[in-house]
Amino acid sequence: MTLEQTLKQATVEIFNQQFNATISPEAVTINITNADHEGDYTIVVFPLVRVSKKSPEQTAELLGNALIEKTNVIAKFNVIKGFLNLTLTDSYWLQRLQNIAENASFGTFPANGQKVVLEYCGPNTNKPLHIGHLRNMLLGYSSSEILKAAGYDVTKVNIYNDRGIAICKSMVAYTRYANAATPQSTGIKGDHFMGDWYVKFNEIVTEEIKALPNAPTDKDEAQKLTPIFKEAQELLLKWEAGDPETVALWKKMNDWVYEGFHETFKLLGVDFQKDYYESETYKLGRDLVNEGLEKNVFFKRKDGAVAVDLTPEGLDEKVLLRADGTSIYITQDLATAKLRHEEFDMDKMIYVVANEQDYHFKVLKLALQKLGYKWADGIYHLSYALVESPTGRFKSREGKTADADDLIAEVLRIAEEKTKELGKIEGFTAEEASTLYRTIGLGALKYFVLRVNPYKKIIFNPEESIDFHGHTGPFIQYTNARIAAIMRKAGGAVTMSADVIAAYSLSEVERELIILMSEYENVVKAAAEKYDPSEIANYAYNLARTYNKFYHESPILSAPTENEKQVRVALSGETGVIIKKAMKLLGIDVPEKM
RNA sequence: GGCCCCGUAGUUUAAUGGAUAAAACGAAAGUUUCCGGAACUUUUGAUAGCAGUUCGAUUCUGCUCGGGGCUACCA
């Protein structure tokens, strides 16, 4: 039982005895005491006065005394208004620290038997990854790590939107102008190579529109009249018909893209246990929709399209199958969901997709629920806001500024520059140095993205780029490097003796640090429940900041007494351990020297 | 038009309905003896507006004003 549970339970029992009243443990709110007041934990008694029928102060006083009687961990308490501030004994905290240090799996929960399928990334294969994918991938990967720590069995999957008119556009431009160039022959990364031909296509469209006799003012309308667009449409038809030459070209170009993507995935450290391809699922779903017709939960409109009526749920009527019986996006998503359930028998299915598609996922979940699939209750859309430039939304037309690979390269370059400036890596081999630049640069980038709550939009200013001071990844990494240096000199982790645990008197910061570490497992749990890595990110920062404060206030290796040295080294070692654990949940490596 | 999300110091972010709203960046000043100065200590400054719910509201409700998104037999 955790301390909070113990205190809640004791409070419930005390109320039962003293007031003959039954309250639930959930009704007892316990917070960490505000920094401005003395105490470790605070029980807010306002909600309890209704039961005690005494003033908040009297109730708190009574409860405080009773808790001291009942438990053996409370040293003292004070009452301010309706707040009961409890101070635990130093030996409780030291013992707690020792227990944490001895428990290698502190912060990871035992398997809960629940399976999760988590879909993330979901790129189109006609252009390179951009900053939005970056946010998606970092969120997806980190969420998966957090869920695993919370005891879930997680399978990460990706879905490639590898077909359609956009891909055909690149193919047409390539066929017309490339002269059989390849990523290898040009030295261009495969996904960028594909993207370049997509850009080329659009350039030609613009030219051909100019040549049009009576071009419509609407750009989309005008595009449809251009020869190159018509070629792309023909190509799409040929692809759908399975024309061998077209399919071969399509496959060749997509393989280039995958090679490029995989390079980026590897650099970022994200991975997938299974890949899905739209080209294999785009026709699925028809049977499922017909099943809905039979069950009378979907209906056929007069025009022949099959739709679901979601007006009772506050949404609209939504078409699920075209009048000609072919699938649309939602149709295949329904089918893919069912397919995955058959494959994985998961309890939860999480989709990491931008908030533009909030509506889509509401429909998806409701439609599956109407079909009677119980597992649809476990569908969760991990929705995140778009990344915007200071001037508004990143458009692909704005080009380079939003490109994921460029952004990564830039941040690695800055990491190298700053590290060299500081000159702390003497004795590093060239390879060690470049690994370090990567660790720090990616640490900065990942932290920058993950520290923000997913539903909040991120304003990203490429000019100002990413910082390495203050509330950043490198700051946390640096703190660990500093701790690592101390631990090397101390000769490794220490175990505190029973005498020290019993008699040591903690300073304010030391106490603060232990309380923070003690909270780590609650933070992991909360982050998993909320699907929110920013909880972990902010926690890690807090821990690092508190440690630095401690570090500056308290001599560690040169502490005045052996007891102080023992406690402070133990404190340092475990802080390092938890920093590493937390950062791992964010997908961020932590160097021992930097 | 309808629906959804967001609005906190100059800027970027925090705060299960709890105490005097917390940090970082920026700006200004400082850290002789010290284990790593990517650090630490000061100073500076904010809940868009108006009501309501209650012991208590950044948080919940309603309205107003701003910003974004969705509302395709596109993906």
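Predicted, not measured: the structure shown is a model, and the values here were computed from it. Here is the naming used below: chain letters follow the sequence lines, and residue numbers restart at 1 for every chain.
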In whole angstrom, give me the gap between the C1' atoms of B:C3 and B:A24. 36 Å

Take atom C1' in B:A27 and the same atom in B:G45, then report the distance between them in whole Å. 11 Å

Any side-chain N or O of A:K318 less than 4.0 Å from the OP1 or OP2 oxygen of B:U71? no

It should be established whether A:K489 places a side-chain nitrogen or oxygen under 4.0 Å from OP1 or OP2 of nucleotide B:G36. yes

What nucleic acid atoms does A:I440 come within less than 4.0 Å of, heavy atoms only: base, sugar-phosphate, or nothing? base

Are A:H552 and B:A39 stacked, counting the six-membered base ring, centres under 5.5 Å, planes under 30°? no

Quick one: sort the A:Y277 and A:Y160 rings into parallel, tilted or perpendicular, breaks at 30° and 60°. parallel

Regarding A:N542 and A:R545, do their side chains bring together a donor and an acceptor under 3.5 Å, going by distance alone? yes

Using a 4.0 Å heavy-atom cut-off across all strands, classify A:T29 as base, sugar-phosphate, or nothing. base

Could you state the atom-to-atom distance from CD of A:Q223 to C1' of B:C74 in whole Å? 13 Å

OG1/A:T419 to CD1/A:I440 distance, rounded to the nearest 0.5 angstrom? 4.0 Å

Determine the interatomic distance between C1' on B:A23 and the same-named atom on B:U41; round to the nearest Å. 15 Å

Please work out if A:I556 contacts a base, only the sugar-phosphate, or nothing of the nucleic acid, heavy-atom cut-off 4.0 Å. base

Gap between atoms CZ and C1', on A:F361 and B:C3 respectively (whole Å): 18 Å

Is the aromatic ring of A:F83 within stacking range of B:A19, meaning centres under 5.5 angstrom and planes under 30 degrees? yes

Could you tell me whether A:R413 and A:E410 have a side-chain N and a carboxylate O separated by less than 4.0 Å? yes

Classify A:Y541 by what it touches in the nucleic acid, base, sugar-phosphate, or nothing, heavy-atom distance under 4.0 Å. sugar-phosphate

Look up atom CG in A:D162 and atom CE in A:M253, then write down how far apart they are to the nearest 0.5 Å. 13.5 Å

Using 4.0 Å as the upper bound for N to carboxylate O, is an ion pair formed by A:E4 and A:K8? no

Would you indicate what A:P123 reaches in the nucleic acid, counting non-hydrogen atoms under 4.0 angstrom: base, sugar-phosphate, or nothing? nothing

Complementary nucleotide of B:A48, counting Watson-Crick and G-U pairs under 3.5 Å: B:U64

Using a heavy-atom cut-off of 4.0 Å across all strands, would you classify A:S554 as base, sugar-phosphate, or nothing? base

Integer angstrom distance from the C1' of B:U54 to that of B:U71: 38 Å

Once you apply a heavy-atom cut-off of 4.0 Å, does A:A481 come out as touching a base, just sugar-phosphate, or nothing? base

Taking atom types as they are modelled, is there a donor-acceptor pair under 3.5 Å from the base of B:A39 to the side chain of A:T479? no

Please answer whether B:G18 and A:F46 are stacked, defined here as ring centres separated by less than 5.5 Å and planes angled under 30°. yes

Nearest-Å distance, CG (A:D333) to C1' (B:C74)? 13 Å

Does A:R482 put a side-chain nitrogen or oxygen below 4.0 Å from OP1 or OP2 of B:G37? yes

Sorted by position of nearest nucleotide on RNA chain B, 5' first, the leading residue of A:E553 and A:I32 is A:I32

Spacing of the C1' atoms in B:A14 and B:A9 (rounded, Å): 13 Å

Regarding A:E26, tell me which of base, sugar-phosphate or nothing describes its non-hydrogen contacts under 4.0 Å with the strands shown. nothing

More than 12 heavy atoms of other residues, nucleotides or ligands under 6.0 Å from CZ of A:R286: is that the case? no

For nucleotides B:C74 and B:G18, find the distance between their P atoms and express it as a whole number of Å. 48 Å

Measuring from the side chain of A:I486 (C-beta onward, heavy atoms only), which nucleotide among B:G36, B:A14, B:C73 has the closest atom? B:G36

Looking at every strand, decide which applies to A:K593 at a 4.0 Å heavy-atom threshold: base, sugar-phosphate, or nothing. base

Classify the nucleic acid contact of A:H360 as base, sugar-phosphate or nothing, counting any heavy atom under 4.0 Å across all strands shown. nothing

Touch check for A:Y359, heavy atoms < 4.0 angstrom, all strands: base, sugar-phosphate only, or nothing? sugar-phosphate

Starting from P on B:A22, measure out to CG on A:D36 and report it in whole angstrom. 7 Å

For nucleotides B:C70 and B:A75, find the distance between their P atoms and express it as a whole number of Å. 15 Å

Between B:A19 and B:U43, how far apart are the C1' atoms? Round to whole Å, please. 25 Å

For B:A22, which nucleotide is its Watson-Crick or G-U wobble mate, given both distances must be under 3.5 Å? B:U13

Rounded interatomic separation in angstrom, taking CD1 from A:I328 and P from B:C73: 7 Å

What is the base-pairing partner of B:U41, counting Watson-Crick and G-U wobble geometry with both distances under 3.5 Å? B:A29

When you check the phosphate oxygens OP1 and OP2 of B:A14, does a side-chain N or O of A:K456 lie under 4.0 Å from one of them? yes

A:F46 and A:F83 aromatic ring geometry - parallel, tilted or perpendicular at 30°/60° bounds: perpendicular

Pairing partner of B:C3 (Watson-Crick or G-U wobble, both distances under 3.5 Å): B:G69

Please determine, for the side chain of A:T33, which listed nucleotide (B:C25, B:C35, B:A19) has the closest atom? B:A19

For B:U59, give the paired nucleotide (Watson-Crick: N1-N3 plus N6-O4 or O6-N4; G-U: N1-O2 and O6-N3; both under 3.5 Å), or none. none

Taking N and O atoms by type only, does the side chain of A:N85 place a donor or acceptor under 3.5 Å from a partner on the base of B:A19? yes

With heavy-atom distances below 4.5 Å as the criterion, would you say the side chains of A:F19 and A:L48 are in contact? no

Do A:D303 side-chain and B:C73 base share a donor-acceptor contact under 3.5 Å? yes

Base, sugar-phosphate, or nothing: which does A:T42 touch, judged by heavy atoms less than 4.0 Å apart? base

With RNA chain B as reference, determine whether A:V44 or A:Q357 sits nearer its 5' end, using the nearest nucleotide of each. A:V44

